[in-house]
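See below for the structure under consideration.
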Amino acid sequence: MSLAATAVPPPRIRSRSALPGFGLAMGFTLFYLGLIVLIPLAALIIRPWSLGFSGFWAEITAPRVLAALRLSFGASAVAAAVNSVFGFIVAWVLVRYRFPGKRLIDALVDLPFALPTAVAGIALSALYAGNGWIGRPLGHLGIKIAYTPYGVIVALIFIGLPFVVRTLQPVLADLNRDSEEAAATLGATRFQTFRRVILPMLAPTLLTGTAMAFARAVGEYGSVIFIAGNLPMVSEITPLLIIIKLQEYDYAGAAAVGVVMLAVSFIFLLALNALQAWAASRR
Amino acid sequence: MTGRPRAATEDHPLVKFALCAIAIGFIALFLVMPLATVFSEALAQGWRMAFDALAEPDALAAIRLTLIVAAIAVPCNMVFGLAASWAIAKFDFRGKNLLITLIDIPFSVSPVVAGLVYVLIFGLQGWLGQWLRDHDIKIVFALPGIVLATIFVTFPFVARELIPLMADQGRDEEEAAVSLGASGWSTFFRVTLPNVKWALLYGVLLCNARAMGEFGAVSVVSGHIRGLTNTMPLHVEVLYNDYQYVGAFAVASVLALLALVTLALKSLLEWQFAGEIAASHHH
């Protein structure tokens with residue numbers, strides 16, 4: 001990946017504005033962006049190659065790393081799928097219906113953005129542990145959530161919900177009701193209208209929100225590690241593996257896994273930009 | 001069934017009821033119960049124990065460190081957000097979209113990767129590790145590293161709120177001020193800033209909440225030295241892993257209160273100044 005090469009925009013700047021201060025504002029922006037974000041990321045990208053390509057490959061295909069990647073991606077996909085269904089229902093209810101406590105529910109949706117992840121982590125862990133409010137009744141049914149991969153999924157559902165709801169809400173509110181009415185006039189049932197008219201119109205937006213939830217879940221750390229149990233090969237997520245390698249002073253190994261995660265982030269960033277362009281063109 | 005006929009685009013009352021029940025149930029299960037757990041666990045052995053846990057020297061040190069870190073990181077990102085939005089929204093230049101995408105990068109990168117990049121540069125075996133050691137400068141496992149990691153993860157918050165709003169507002173007012181003889185700075189402080197003050201406050205509010213609550217990135221660079229480099233979220237982790245649940249949840253409930261206050265202020269800003277916060281909803 002040639003991030004470092006494409007990082008700084010070309011300096012061919014033409015300013016047609018009559019306002020002063022472009023040089024200062026732009027200069028500071030690029031300086032700060034480079035110092036805080038771009039140079040450190042470039043340092044990450046070059047680091048693992050001290051191992052050589054084969055060393056890098058061996059590092060990221062080690063069984064423990066592959067198991068962690070599988071868990072991170074698998075659990076994130078399941079959580080994003082759950083959120084796409086329930087997030088849709090929450091957004092639908094908040095936009096279309098009126099009911100008592102609606103404003104409170106609306107404000108609460110942002111809780112996962114505002115609540116520090118470590119707080120969410122210990123709370124979920126206490127809730128789903130064997131003696132917790134949810135863990136105890138589930139335990140009687142023979143279901144274990146905390147300290148298993150299911151715990152990882154629960155934490156990632158928590159963290160991803162607002163992405164789906166907040167992406168859908170404004171689009172759903174702007175949705176043109178004429179086509180719904182037309183469908184009803186032509187004899188479609190409400191369910192047919194939903195499936196054939198509403199869902200296709202919202203599909204790009206729903207996909208965007210789901211992809212955002214997925215992307216966030218893959219990199220999530222704080223809310224997961226307390227409930228996961230962190231058993232190597234079973235419930236150990238990829239970000240935790242980076243921290244473990246750092247604690248063992250295996251900088252190159254940590255950087256190798258970090259580069260894989262960064263590559264995934266960039267792929268998602270590009271895919272999301274494309275998705276949003278598609279969603280905008282559909283509206 | 002009797003009663004007033006439904007509009008063609010309205011759902012059946014039973015469907016409405018079922019969807020509301022599902023949405024509220026899902027939010028109660030995944031958002032409200034974890035939040036309630038935080039406070040209930042903190043007060044499990046009474047108010048006294050919870051307050052004692054907060055008055056401990058290590059807890060006080062963690063609170064102080066968290067405040068210091070936020071007091072440095074938030075103004076830095078605020079100045080950056082103002083500079084970046086001035087350059088991007090008030091001028092035309094090539095590569096604008098690329099620049100906006102680059103500013104967004106920290107949101108799509110895992111917090112652990114954000115911490116990792118600074119360890120690779122400033123850590124003992126990092127690029128500058130030897131030089132820093134020779135000159136007795138501590139960055140990783142000390143305040144500067146924690147501040148850098150916090151700045152990274154909260155990097156886009158203010159810029160993201162301001163750029164779309166300032167672009168919407170155009171530059172007519174500023175150009176009028178300048179043509180009447182106002183200097184660049186006084187145009188900025190007298191015209192631009194008052195126009196975006198609520199969006200700025202909104203961005204700063206979200207930036208501050210994340211800065212005080214950040215866990216993953218800070219966890220990588222802090223070294224977890226009790227009373228010295230533990231922020232509040234890290235202190236929560238340390239207490240929790242020591243089985244000091246009341247203490248962990250007491251500190252966690254302070255962070256949860258901060259999150260609730262943030263949400264309340266955020267909702268208030270959204271209701272009162274919806275038109276003046278262009279880019280609200282979705283992060």
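Below, read A as the first sequence line, B as the second, and so on, with proteins coming before strands; counting in each chain starts at 1.
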Checklist line | Structural part of A/A120 lying under 4.5 Å from a heavy atom of chain B | finding: neither

Notebook entry, point to check: Which atoms of B/S40 come close to chain A, meaning under 4.5 Å heavy atom to heavy atom: side chain ones, backbone ones, both, or neither?
Noted result: side chain

Checklist line | Pair A/R96 + B/D11, salt bridge at N-O below 4.0 Å | finding: no

Item checked: Interface moiety of B/S267 toward chain A, non-hydrogen atoms closer than 4.5 Å -> side chain

Check: Where does B/P233 contact chain A at under 4.5 Å (heavy atoms): side chain, backbone, both or neither?
Finding: both

Margin query: Under 4.5 Å from any heavy atom of chain A, what part of B/F152 do you find: side chain, backbone, both or neither?
Written below: both

Item checked: Portion of B/L82 that has a non-hydrogen atom of chain A nearer than 4.5 angstrom -> neither

Notebook entry, point to check: Heavy-atom distance under 4.5 Å to chain B: side chain of A/L246, backbone, both or neither?
Noted result: side chain

Note to self: Less than 4.5 Å to any heavy atom of chain B: does that hold for the side chain of A/L108, its backbone, both, or neither?
What the structure shows: both

Next item on the list: Check step by step if side-chain contact (heavy atoms from CB on, under 4.5 Å) holds for A/I36 and B/Y118.
Entry: CA-CA 9 Å; A/I36 299 287; B/Y118 295 111; 3.4 Å; yes

Checklist line | Heavy-atom side-chain contact between A/V37 and B/I103 under 4.5 Å | finding: no

Note to self: Using ring centroids (six-membered ring only for Trp), state whether A/Y32 and B/F155 fall under 6.0 Å.
What the structure shows: yes

Next item on the list: Could you look at B/V79 and say if it's the side chain, the backbone, both or neither that has a heavy atom under 4.5 Å from chain A?
Entry: both

Check: Is the shortest heavy-atom distance from the side chain of B/I105 to the side chain of A/F266 under 4.5 Å?
Finding: yes

Notebook entry, point to check: Relative to chain A, which segment of B/V236 carries a heavy atom at a distance below 4.5 Å: side chain, backbone, both, or neither?
Noted result: side chain

Note to self: For the interface with chain A, which of B/L19, B/V113, B/I27 has the highest count of heavy-atom pairs at distances below 4.5 Å?
What the structure shows: B/L19

Note to self: Does any backbone or side-chain atom of B/N208 lie under 4.5 Å from a heavy atom of chain A? Answer side chain, backbone, both or neither.
What the structure shows: neither

Margin query: Please verify the inter-ring angle class for A/F28 with B/F80; under 30° counts as parallel, over 60° as perpendicular, anything in between as tilted.
Written below: tilted

